[in-house]
There are 2 protein chains.
Amino acid sequence: MANTQDDTLASRISRVLAERIISGALSPGARLRQDHVAEEFGASHVPVREAFRRLEAQGLAVSEPRRGVRVASFDLREVREVAEMRAALEVLALRHAVPNLTPAVLDKAETATATADCASDVRSWEEANRAFHRLILEPCAMPRLLASIDDLHAASARFLFSAWRSSWQPRTDHDHRAILAALRGGNGDEAAAILGRHVQWIGRTPVRNESGETREIFSIVG
Amino acid sequence: MANTQDDTLASRISRVLAERIISGALSPGARLRQDHVAEEFGASHVPVREAFRRLEAQGLAVSEPRRGVRVASFDLREVREVAEMRAALEVLALRHAVPNLTPAVLDKAETATATADCASDVRSWEEANRAFHRLILEPCAMPRLLASIDDLHAASARFLFSAWRSSWQPRTDHDHRAILAALRGGNGDEAAAILGRHVQWIGRTPVRNESGETREIFSIVG
DNA sequence: CCTCCTGAAATTATCTATAATTTTTTGCCA
DNA sequence: TGGCAAAAAATTATAGATAATTTCAGGAGG
């Protein structure tokens with residue numbers, strides 16, 4: 001087994017459910033029935049309820065008393081809200097990270113960007129992109145700020161996977177390279193400015209729905 | 001009774017415990033024992049555990065698997081972190097609130113500031129101050145952002161009550177008035193700039209501890 | 001054919017009781 | 001006094017029960 005030591009059952013359940021919500025395996029509005037989840041994980045309802053509370057706090061689920069828990073819905077307004085919050089907080093984190101950035105970290109970030117550029121599917125692009133942002137922000141050493149940014153990245157990833165369900169168009173991330181160049185040149189203000197603009201960029205993806213109509217779905221691509 | 005309908009037991013318990021943590025009735029590092037809490041509220045351990053998860057998400061408690069839950073500790077670095085996060089997010093919220101601000105809202109905010117200036121104790125000052133910030137930010141209509149700001153205000157209040165345990169020195173809040181003047185004059189950028197600087201102001205309070213030594217305790221006073 | 005109502009089934013929220021594990025405390029002995 | 005072992009307490013989890021509420025399916029009536 002080798003999995004029963006580290007942390008609590010509730011947190012394992014919440015991680016698995018979070019992953020499913022982010023990936024889109026659980027659609028917005030879907031009900032999360034505690035007894036079904038409990039049965040699936042071979043657990044009782046107590047840890048399941050605790051997992052639900054965590055998902056609620058992360059904004060991935062909403063709960064109405066006596067009516068149960070549902071996967072949170074989202075719309076263009078929330079995509080914009082998350083983009084702006086990420087811009088504000090990531091800029092703050094970067095400003096504090098700048099004095100602690102080492103060439104080694106910047107090299108790792110460069111590698112992450114290269115990985116993202118080569119990604120052939122949206123899942124691996126998201127993973128590499130997130131790694132890039134994490135790498136350059138982590139040295140700010142502000143745990144509460146980093147935790148908030150992580151939650152916003154989870155929301156971002158959900159929007160992204162919902163827009164690019166299967167297809168993915170590889171792209172070269174010029175912003176990431178410009179940020180790295182500015183950081184290497186010791187120009188923290190410029191790097192922060194590019195990052196703020198970069199994160200707020202909202203991509204449009206044309207999507208054909210069941211009835212054959214073409215809609216545009218919006219997501220954060222940065 | 002009239003209290004058993006509205007919401008769930010778990011959320012009531014978490015509200016009461018949050019209130020105690022913020023007010024300082026529960027000190028940093030204090031253990032929260034689920035059975036004791038359950039007994040006090042005449043509840044079983046299940047809703048208590050759910051309440052703990054919410055406190056954890058709000059940053060008011062920390063949980064170590066198998067070792068239970070404790071009231072979160074904090075230090076000057078976290079005070080600074082919360083101040084900077086508040087500055088970043090409140091500025092963002094104000095920028096979006098500006099187009100929706102009405103004279104009625106600004107009048108209410110002015111009243112809140114007047115109430116804060118007259119406050120004779122730190123509790124009522126904090127309440128009025130929070131009302132001021134809420135009033136001018138709420139019209140941004142960004143629920144996720146406002147929820148984050150609320151959590152940061154809870155943390156701020158905790159720092160504040162810890163610094164000004166009993167005493168409180170009334171003060172006239174010139175920043176609040178300057179913000180209102182700028183907003184009335186249609187100068188949103190200036191209002192946002194003052195707000196950003198205002199929230200980052202960290203007050204120092206000399207405090208005498210048990211051994212008679214004088215230390216300085218820091219908190220956000222805005 | 002659609003709408004509204006009703007009753008059955010499902011679900012939530014809660015409690016009690018219990019077990020296994022782990023941590024903390026206590027108390028003994030050197 | 002210090003260190004170790006036993007006892008006590010606490011956490012995490014299960015199982016089963018119950019009251020209240022919501023959901024849903026089907027039938028009566030327009």
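Residue numbering restarts at 1 for every chain, and letters A, B, ... go by the order of the sequence lines.
Residues B:Glu84 and A:His96 have side chains that bring a donor and an acceptor to within less than 3.5 angstrom of each other.
Salt-bridge check for B:Arg20 with B:Glu40: passed, with a basic side-chain N closer than 4.0 Å to an acidic carboxylate O. By the 4.0 Å N-to-carboxylate-O rule, A:Arg49 lies close enough to B:Glu50 to be salt-bridged with it. Classification of A:Glu127 and A:Arg130 as a salt-bridged pair fails, no side-chain N sitting under 4.0 Å from a carboxylate O.
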Could you go through nucleotides 14-16 of chain D and list every protein N or O atom that sits under 3.5 Å from one of its N or O atoms, giving the distance for each pair?
from	atom 1	to	atom 2	distance (Å)
D:dT14	OP1	A:Ser44	N	3.3
D:dT14	OP2	A:Ser44	N	2.9
D:dT14	OP2	A:Ser44	OG	2.6
D:dG16	O6	A:His45	NE2	3.2

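With A:Thr102 contributing its side chain and A:Val105 its backbone, the two residues share a donor-acceptor pair below 3.5 Å.
The distance between atom CG of B:Asp35 and atom P of D:dT12, rounded to the nearest whole Å, is 11 Å. In this structure, CD of A:Gln34 is placed 6 Å from P of C:dA13, rounded to the nearest angstrom. For A:Arg33 and D:dT23, the CZ to C1' distance is 9 Å, given to the nearest whole Å. Rounded to whole angstrom, the span from the CZ atom of B:Arg53 across to the P atom of C:dA13 amounts to 17 Å.
If you check distances only, the side chain of B:Arg66 does reach the base of D:dT11 with a donor-acceptor pair under 3.5 Å.
Contact annotation: A:Arg67 does not reach the phosphate of C:dT12 (side-chain N/O to OP1 or OP2, under 4.0 Å). Between A:Thr8 and D:dT11 there is no side-chain N or O to OP1 or OP2 distance below 4.0 Å. The side chain of B:Arg49 places an N or O atom within less than 4.0 Å of a non-bridging phosphate oxygen (OP1 or OP2) of D:dT12.
A cation-pi arrangement is not found for B:Arg12 relative to B:Phe41, the charged atom failing to lie both closer than 6.0 Å to the ring centre and inside a 45° cone about the ring normal.
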